[in-house]
Amino acid sequence: MTNYLYDGVFAPHADSQKIFLHTPDGDISYAEFTALTDRIAAMLVATGLAPGDRVAVQADKSVMLFALYVATVKAGGVYLPLNTGYTAAELDYFLGDAKPRIVVVAGKAEAAIAPIATRIGAALMTLEADESGTLRDAAMSHEGPFSAVPRDSEDLAAILYTSGTTGRSKGAKLCHRNLRSNAAVPRGCWRFTADDVLLRMLPVYHTHGLFVAGNLLALVGGSMIFLPKYSADVALDWMPKATTMMGVPTFYTRLLDHAGFTREASAHMRLFISGSAPLLAETHRQFEARTGKAILERYGMTETNMSTSNPFDGDRRAGTVGFALPGVEIRIADAQTGAPLPDGEIGIIEQRGDNVFLGYWEMPEKTAESFRDDGFFITGDMAVRDADGYISIVGRDKDLIISGGLNVYPKEVEGMIDAIEGVLESAVIGVPHRDFGEAVVAVIVRSDDALEAGTVEAALADQLAKFKQPKAILFTSALPRNSMGKVQKAELRKAHDGLFA
């Protein structure tokens with residue numbers, strides 16, 4: 001028995017002297033990266049990691065952090081990446097729910113997380129952006145080689161927490177098969193080869209930046225320009241060495257705002273890919289007019305990895321997410337009955353395939369509610385398929401907000417706001433935003449007219465990750481309601497549709 005993900009994705013090029021990662025601090029070959037993952041994997045096992053144990057990580061992006069993901073898989077563990085914006089209060093829930101064996105955080109968070117780690121019986125290590133910390137110190141005391149721990153295709157490889165519209169965040173269980181399929185399928189669909197160099201500036205705490213990008217380039221034996229964060233200036237500095245780029249819509253709007261992003265600057269690039277949030281049709285058109293190249297937009301979510309893609313060869317239609325990827329079954333269905341709907345009618349996306357997760361961590365009831373009897377996962381995204389088969393996302397059946405590619409759970413934000421003195425009630429909505437896709441907006445009914453937006457902002461600052469905090473706080477005398485008393489968020493979204501125009 002082999003380690004299904006590691007042996008199928010990373011191992012084939014483990015001894016190669018070819019450059020795997022180009023970084024601002026120098027190049028790293030496949031062989032050097034493998035040696036680093038061997039050390040970390042040996043350290044994880046020595047620290048007590050057993051197959052199936054979780055490694056929770058909240059630290060800044062670095063080569064060591066990426067190697068920790070690969071080493072966790074190699075050691076038979078389950079990788080749990082956490083958004084760097086989460087507060088200690090939020091981490092308390094995630095760590096208490098997942099009960100990891102090992103927790104890795106930046107040094108500045110160590111004091112706040114130490115009591116939580118002690119309570120759940122986890123070893124606590126630190127890792128800084130410059131790769132210093134107790135994790136590195138411990139890993140460097142071990143030598144390779146390290147033989148990958150056998151794991152089957154259905155064994156867990158990762159847990160990613162995703163927001164919902166009711167209850168607390170849910171841990172999506174991704175198995176080895178899920179992650180390997182989402183490297184193998186785009187290899188063919190997007191024509192990736194060992195000659196590709198991917199410009200990679202995405203964060204590494206969600207599916208897009210960690211699994212899709214990292215696993216895909218390792219699988220084909222290509223290279224990545226591995227940068228800590230995105231900026232248009234830095235992207236343009238490195239673009240001459242790249243052949244491809246993966247990004248969220250914000251990356252492309254900011255490139256379009258940069259005078260240095262010209263047709264000449266992008267002439268050598270063979271592919272630009274966008275995902276994690278809806279790409280405005282206008283951005284698609286502006287980009288093609290500027291560069292002569294059409295962005296390839298695709299669609300996926302934490303629970304399904306990638307699901308659809310506009311074609312590599314063929315019309316990449318603005319405002320659509322293309323067709324189901326090979327091996328992925330997608331139907332547009334009636335949200336209540338699951339009955340398939342004809343083309344042209346709006347329904348809920350349901351899907352089945354090797355890309356679809358196993359279920360939610362320690363939530364069997366929630367898992368059962370999320371699947372049809374025939375195994376199709378109910379995504380919660382509403383869409384329509386045209387006569388040519390192109391799928392367009394038109395909204396969500398519930399009120400989840402996706403801002404900058406990250407999920408925001410309105411009820412969580414509303415609960416924080418409603419607890420503030422002077423607030424009678426609130427409604428949190430997503431409003432179209434050029435950079436973020438959707439911006440979080442809070443509409444508040446005051447019980448005290450003296451309450452100001454700044455007071456609300458200050459109260460939320462230490463309670464919520466930055467991406468969850470409202471980008472606008474509005475006051476109103478009453479929230480719109482239907483005859484049953486339910487707040488009509490659709491009306492609020494419509495009323496404030498042009499807020500960031």
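Computed over heavy atoms, backbone and side chain alike; hydrogens, waters and symmetry mates excluded. A quick note: this is a predicted structure, and the numbers were derived from the prediction, not measured.
- A donor-acceptor pair under 3.5 Å links the side-chain atoms of E131 to the main chain of V63, judged by distance alone.
- Taking both residues in full, the closest heavy atoms of C175 and N178 are given as N-OD1, 2.9 Å, listed atom of the first, atom of the second, then distance.
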### Task
Given side-chain contact (heavy atoms from CB on, under 4.5 Å), test S392 with V321 step by step and report yes or no.
CA-CA 6 Å; S392 297; V321 294; over 6 Å; no

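- Taken from CG in L80 to CG in L95, the straight-line distance is 7.5 Å, to the nearest 0.5 Å.
- Under 3.5 Å, the side chains of Y161 and N83 contain no donor-acceptor pair of N or O atoms.
- Side-chain atoms of D27 and L21, non-hydrogen and from C-beta on, never get closer than 4.5 Å to each other.
- Considering only heavy atoms from C-beta on, M246 comes within 4.5 Å of L198 through its side chain.
- Between the side chains of D152 and H176, no donor N or O sits under 3.5 Å from an acceptor N or O.
- Cation-pi contact between R200 and F66: present, with separation from the ring centre below 6.0 Å and deviation from the ring axis of at most 45°.
- A donor-acceptor pair shorter than 3.5 Å can be found between the side chains of D130 and S132.
- Looking only at distances, a side-chain donor or acceptor of H13 sits under 3.5 Å from a matching main-chain atom of L219.
- Both tests do not hold together for R352 against F377: distance to the six-membered ring centre under 6.0 Å, angle to the ring axis within 45°.
- Side-chain contact check for E154 versus L358: some heavy-atom pair is nearer than 4.5 Å.
- Residues D38 and K74 are paired through a salt bridge, judged by an N-O separation under 4.0 Å between the basic side chain and the carboxylate.
- The backbone N or O of A50 sits less than 3.5 Å from a side-chain atom of D53, completing a donor-acceptor pair.
- Smallest separation of non-hydrogen atoms from F261 and S266: CE1-CB, 3.9 Å.
- What you find for L202 and G209 is that their closest heavy atoms are CB-CA, 3.7 Å.
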### Task
Kindly determine whether M416 and V413 satisfy side-chain contact (heavy atoms from CB on, under 4.5 Å), including the steps that lead there.
CA-CA 5 Å; M416 297 286 186; V413 184; 5.6 Å; no

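- From L216, atom CG reaches atom CE of M224 across 9.0 Å, with rounding to the nearest 0.5 Å.
- Distance alone, capped at 3.5 Å, places no donor-acceptor pair between the Q351 side chain and the T379 backbone.
- P326 and C189 get closest at one heavy-atom pair: CD-SG, 3.4 Å.
- Counted by atom type alone, T243 and D196 present one or more donor-acceptor pairs between their side chains at under 3.5 Å.
- Between E288 and K293 there is no salt bridge, since none of the side-chain N atoms of the basic residue sits less than 4.0 Å from a carboxylate O of the acidic one.
- For the pair R270 and F272, the cation-pi criterion (under 6.0 Å, within 45° of the ring axis) is not fulfilled.
- When side chains are defined from C-beta on, M306 counts as touching V212, because their heavy atoms get closer than 4.5 Å.
- For R434 and D257, the salt-bridge test passes: some basic side-chain N is under 4.0 Å from an acidic carboxylate O.
- Looking at heavy atoms from C-beta onward, P249 lies in side-chain contact with S274 at the 4.5 angstrom threshold.
- Each of I349, T320, T308 was compared with I393 under the side-chain contact (heavy atoms from CB on, under 4.5 Å) criterion, and only I349 meets it.
- In this structure, K366 contributes its side chain and M363 its backbone to no donor-acceptor pair below 3.5 Å.
- One distance of note links CG of N215 with CG of N182; it measures 9.0 Å at 0.5 Å rounding.
- When all heavy atoms are compared, the tightest approach of T302 to L160 is CG2-CB, 3.6 Å.
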### Task
Before giving the answer on side-chain contact (heavy atoms from CB on, under 4.5 Å), spell out for V356 and N305 the whole-Å C-alpha distance, their side-chain angles and the decisive distance to 0.1 Å.
CA-CA 7 Å; V356 177; N305 299 280; over 6 Å; no

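- The existence of a salt bridge linking R316 and E297 is excluded, since no basic side-chain nitrogen approaches an acidic carboxylate oxygen closer than 4.0 Å.
- Both tests hold for K471 against F436: distance to the six-membered ring centre under 6.0 Å, angle to the ring axis within 45°.
- Ion pairing between E90 and K468 holds under the 4.0 Å rule for side-chain N and carboxylate O.
- The main-chain N or O of P150 is never found under 3.5 Å from a side-chain atom of Y4 such that the two would form a donor-acceptor pair.
- When all heavy atoms of A75 and V149 are compared, the pair lying nearest together is O-CG2, 3.4 Å.
- In this structure, CZ on F467 lies 5.0 Å from CG on L406, to the nearest 0.5 angstrom.
- Contact annotation: the side chain of M239 never approaches that of I225 to less than 4.5 Å [non-hydrogen atoms, C-beta and beyond].
- If you look at Y86 and Y205, their ring centroids are not closer than 6.0 Å.
- No donor-acceptor pair closer than 3.5 Å links the side chain of R101 to the backbone N or O of R54.
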### Task
Run the numbers on V328 and D354 for side-chain contact (heavy atoms from CB on, under 4.5 Å), then give the verdict.
CA-CA 7 Å; V328 180; D354 283 345; over 6 Å; no

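- The main-chain N or O of V428 is found under 3.5 Å from a side-chain atom of E414 such that the two form a donor-acceptor pair.
- Here the side chains of E303 and T162 are in contact, with some heavy-atom distance below 4.5 Å.
- From H284, atom NE2 reaches atom CG of N310 across 6.5 Å, with rounding to the nearest 0.5 Å.
- A cation-pi arrangement is present between K61 and F226, with the terminal nitrogen or guanidinium carbon under 6.0 Å from the aromatic centre and inside a 45° cone about the axis.
- Judged by the 6.0 Å and 45° rule, K18 forms no cation-pi pair with Y30.
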### salt bridge (charged side-chain N to carboxylate O under 4.0 Å, His left out) between D7 and R151, worked out
CA-CA 10 Å; D7 289 337; R151 301 299 279 165; over 6 Å; no

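- In terms of modelled atom types and a separation under 3.5 Å, the side chain of S62 and the main chain of A129 share no donor-acceptor contact.
- Atom-to-atom distance recorded for I120:CD1 and D92:CG is 9.0 Å, nearest 0.5 angstrom.
- Taking the six-membered ring where the residue is Trp, F10 and Y69 present perpendicular rings, their angle passing 60° and hence far from 30°.
- Contact check for I330 versus S307: side-chain heavy atoms found under the 4.5 Å cut-off.
- In this structure, the side chain of H268 engages the main chain of A242 through a donor-acceptor pair within 3.5 Å.
- When only modelled atom types and interatomic distance are considered, T244 and W190 share no side-chain donor-acceptor pair under 3.5 Å.
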